[in-house]
Amino acid sequence: MAERNIFFKKGQNNQMAELFRILRTNIYFMGKKKNRVVVVTSTIPGEGKSTVASNYAMSVAIGKEKVLLIDCDIRKPRAHSSFGIQINHGMGEVLSGEKKIDEVILKGVEKNLDILPSKHMDQNVSELFLGDRMRNILEKLRKKYDLIVLDTPPLMVVTDALILSQYGDGVLYVCGYDMVTKQEMNQAKKMLDSAGVTLYGVIVNRINKDGYSHGNYGYYNYKYKDYQDYFNGDKQ
Ligand SMILES: Nc1ncnc2c1ncn2[C@@H]1O[C@H](COP(=O)(O)OP(=O)(O)OP(=O)(O)O)[C@@H](O)[C@H]1O
Ligand SMILES: [Mg+2]
């Protein structure tokens with residue numbers, strides 16, 4: 001699988017990296033600042049959860065804090081491939097007790113960044129997240145990291161993100177521009193509200209350079225167009 005858009009890693013798309021730095025700062029000033037667990041989710045597939053989760057994790061790791069990215073999307077795992085890594089074991093085996101965390105965790109994927117990857121599993125895996133096991137794993141890991149980012153499946157498809165939101169401190173809600181209806185968003189918001197989660201922010205993603213509609217290759221923030229001139233100015 002092709003490597004995804006890690007804007008920090010490739011040293012390009014400076015405007016994208018800067019937008020993630022702004023996101024990092026905004027979240028930093030919300031609530032607790034250490035040992036935080038942030039859940040990244042969206043309404044439907046393909047809105048950019050994995051892209052946002054890995055870039056947010058990178059933005060904090062670059063700022064010298066110790067970060068763990070956990071791929072909790074066991075049906076569509078992406079975290080390891082985002083960083084061009086092949087894996088033999090995953091989160092599912094840790095949850096089922098077949099493997100220990102230390103046997104699965106990928107240390108130092110980037111400076112200050114570890115990844116707990118997932119290997120694809122077909123069966124219904126929501127049960128794996130229920131109960132004390134996942135909660136206990138997270139509480140243990142929390143002590144070792146300044147930030148843990150959970151990449152999760154979409155809210156409308158499976159219940160995993162809502163379960164995981166109960167173990168985390170807050171949710172980053174990704175919204176692919178023009179991809180979901182107002183009704184779907186309202187439904188997702190109701191789900192998050194009834195689960196009592198803290199909403200750290202809504203990220204409007206997949207906006208093209210003109211800032212109006214999403215294309216095959218989207219961009220991270222509706223502010224992109226406004227910032228474009230600023231960054232072009234750097235090159236002059
Ligand atoms: N801001 C962005 N800039 C460029 N490409 C993006 C951006 N966000 C997402 N994409 C691209 O859109 C596609 C879907 O993104 P991604 O895999 O992050 O979504 P997802 O919500 O995690 O999807 P899934 O629900 O399937 O897990 C990918 O090909 C990704 O590279
Ligand atoms: Mg994903």
Side-chain angles (χ1 to χ4, degrees), residues 1-24 38-59 69-85 87 90-92 115-122 125-126 129 149-165 168 171-180 184-185 188 191-192 201-228 231:
M1 183 166 307
E3 273 185 49
R4 307 214 139 210
N5 298 298
I6 304 294
F7 302 112
F8 294 88
K9 197 178 175 187
K10 290 175 183 164
Q12 57 194 24
N13 274 300
N14 286 338
Q15 59 275 69
M16 295 295 284
E18 193 50 37
L19 287 167
F20 277 100
R21 279 187 204 103
I22 292 168
L23 178 70
R24 173 186 71 190
V38 176
V39 178
V40 180
T41 195
S42 73
T43 316
I44 58 167
E47 294 186 83
K49 296 173 291 300
S50 300
T51 305
V52 168
S54 42
N55 279 284
Y56 170 53
M58 272 299 285
S59 75
L69 172 63
I70 306 184
D71 197 339
C72 297
D73 196 345
I74 299 181
R75 295 168 194 81
K76 284 166 97 176
R78 293 285 183 269
H80 60 285
S81 54
S82 296
F83 291 85
I85 298 167
I87 54 161
M91 184 70 189
I115 293 181
L116 185 44
S118 267
K119 243 177 93 179
H120 171 77
M121 284 167 82
D122 264 334
V125 295
S126 301
F129 293 124
V149 180
L150 307 186
D151 184 8
T152 72
L155 288 163
M156 290 296 177
V157 181
V158 282
T159 182
D160 305 18
L162 278 187
I163 297 171
L164 291 162
S165 72
V171 168
L172 258 183
Y173 176 58
V174 180
C175 184
Y177 183 84
D178 217 11
M179 289 178 77
V180 278
E184 285 171 323
M185 274 189 81
M191 288 164 99
L192 292 171
V202 178
I203 293 167
V204 183
N205 191 36
R206 304 202 60 159
I207 301 231
N208 73 14
K209 281 187 211 169
D210 301 324
Y212 296 112
S213 63
H214 71 88
N216 291 331
Y217 193 83
Y219 291 87
Y220 155 69
N221 191 300
Y222 65 96
K223 289 284 187 198
Y224 177 85
K225 192 171 189 301
D226 300 344
Y227 292 143
Q228 201 171 12
F231 282 101

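Atoms within each ligand, like the ligands themselves, are counted from 1 in listed order.
Contact annotation for Val174 and ligand 1: no heavy atom of the residue comes within less than 4.0 Å of the ligand. Residue-level proximity to ligand 1 for Met16 is carried by the side chain, the only part with a heavy atom below 4.0 angstrom. Only side-chain heavy atoms of Asp73 come within less than 4.0 Å of ligand 1; its backbone N, CA, C and O stay farther off.
The distance criterion of under 3.5 Å between nitrogen or oxygen atoms is met by Gly48 with respect to ligand 1. For ligand 1, none of its N or O atoms has an N or O atom of Asp151 under 3.5 Å away. In terms of N/O distances under 3.5 Å, ligand 1 is not approached by Pro154. Ligand 1 has no nitrogen or oxygen under 3.5 angstrom from a nitrogen or oxygen of Ser42.
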Subject >> Full working for salt bridge (charged side-chain N to carboxylate O under 4.0 Å, His left out) between Lys49 and Asp73 >> reply: CA-CA 10 Å; Lys49 296 173 291 300; Asp73 196 345; 5.8 Å; no
Original post:
Do Ser54 and Asp151 pass the side chain to side chain contact (heavy atoms under 4.5 Å, CB included) test, and can you show the C-alpha distance, the side-chain angles, and the key distance before you say yes or no?
Top reply: CA-CA 8 Å; Ser54 42; Asp151 184 8; over 6 Å; no
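Assignment of Arg78 to the shell around ligand 1 is not supported, since no heavy atom sits closer than 4.0 Å.
Atom numbering of ligand 1 starts at 1 in the shown order; those under 4.0 Å from a heavy atom of Asn5 are 4 (C), 5 (N), 6 (C), 31 (O). Using a 4.0 Å cut-off to heavy atoms of Lys49, the atoms of ligand 1 that qualify are 18 (O), 19 (O), 20 (P), 21 (O), 22 (O), 23 (O), 24 (P), 25 (O). When each atom of ligand 1 is checked for a heavy atom of Arg206 under 4.0 Å away, the hits are 12 (O), 13 (C), 14 (C). With ligand atoms numbered from 1 in the order given, ligand 1 contributes 14 (C), 19 (O), 20 (P), 21 (O), 23 (O), 24 (P), 25 (O), 26 (O) to contacts under 4.0 Å with heavy atoms of Gly46. Of all atoms in ligand 1, numbered sequentially from 1 with element shown, those under 4.0 Å from a heavy atom of Lys76 are 24 (P), 26 (O). Which parts of ligand 1 touch Ser50 is read off a 4.0 Å heavy-atom cut-off, strictly below it: atoms 18 (O), 20 (P), 22 (O). Every atom of ligand 1 with a heavy atom of Pro45 under 4.0 Å away is listed here by number and element: 25 (O).
The shortest side-chain heavy-atom distance between Val157 and Arg75 does not fall under the 4.5 Å cut-off. Residues Thr51 and Val174 fail the side-chain proximity criterion, which asks for heavy atoms closer than 4.5 Å.
In this structure a side-chain-to-backbone donor-acceptor pair under 3.5 Å is missing from Arg78 to Ser50. Under a 3.5 Å cut-off, the side chain of Thr41 and the backbone N or O of Pro153 do form a donor-acceptor pair.
For the Mg ion (ligand 2), the set of nearby N, O or S atoms under 2.8 Å includes one belonging to Ser50.
To the nearest 0.5 Å, atoms CE (Met156) and OG1 (Thr43) are separated by 6.0 Å. Taking SG of Cys72 as the start and CG of Leu116 as the end, the distance is 7.5 Å to the nearest 0.5 Å.
Tested against Leu150, the residues Val40, Val171, Leu164 include a single side-chain contact (heavy atoms from CB on, under 4.5 Å) partner, Leu164.
Not a single side-chain hydrogen bond (donor to acceptor under 3.5 Å, both in side chains) links Tyr56 to another residue, sequence neighbours left out. Qualifying side-chain hydrogen bond (donor to acceptor under 3.5 Å, both in side chains) partners for Thr159, counting only residues two or more places apart in sequence or in other chains: none.
Nearest to atom 30 (C) of ligand 1 by heavy atom, out of Thr51, Ile44, Leu19, is Thr51.
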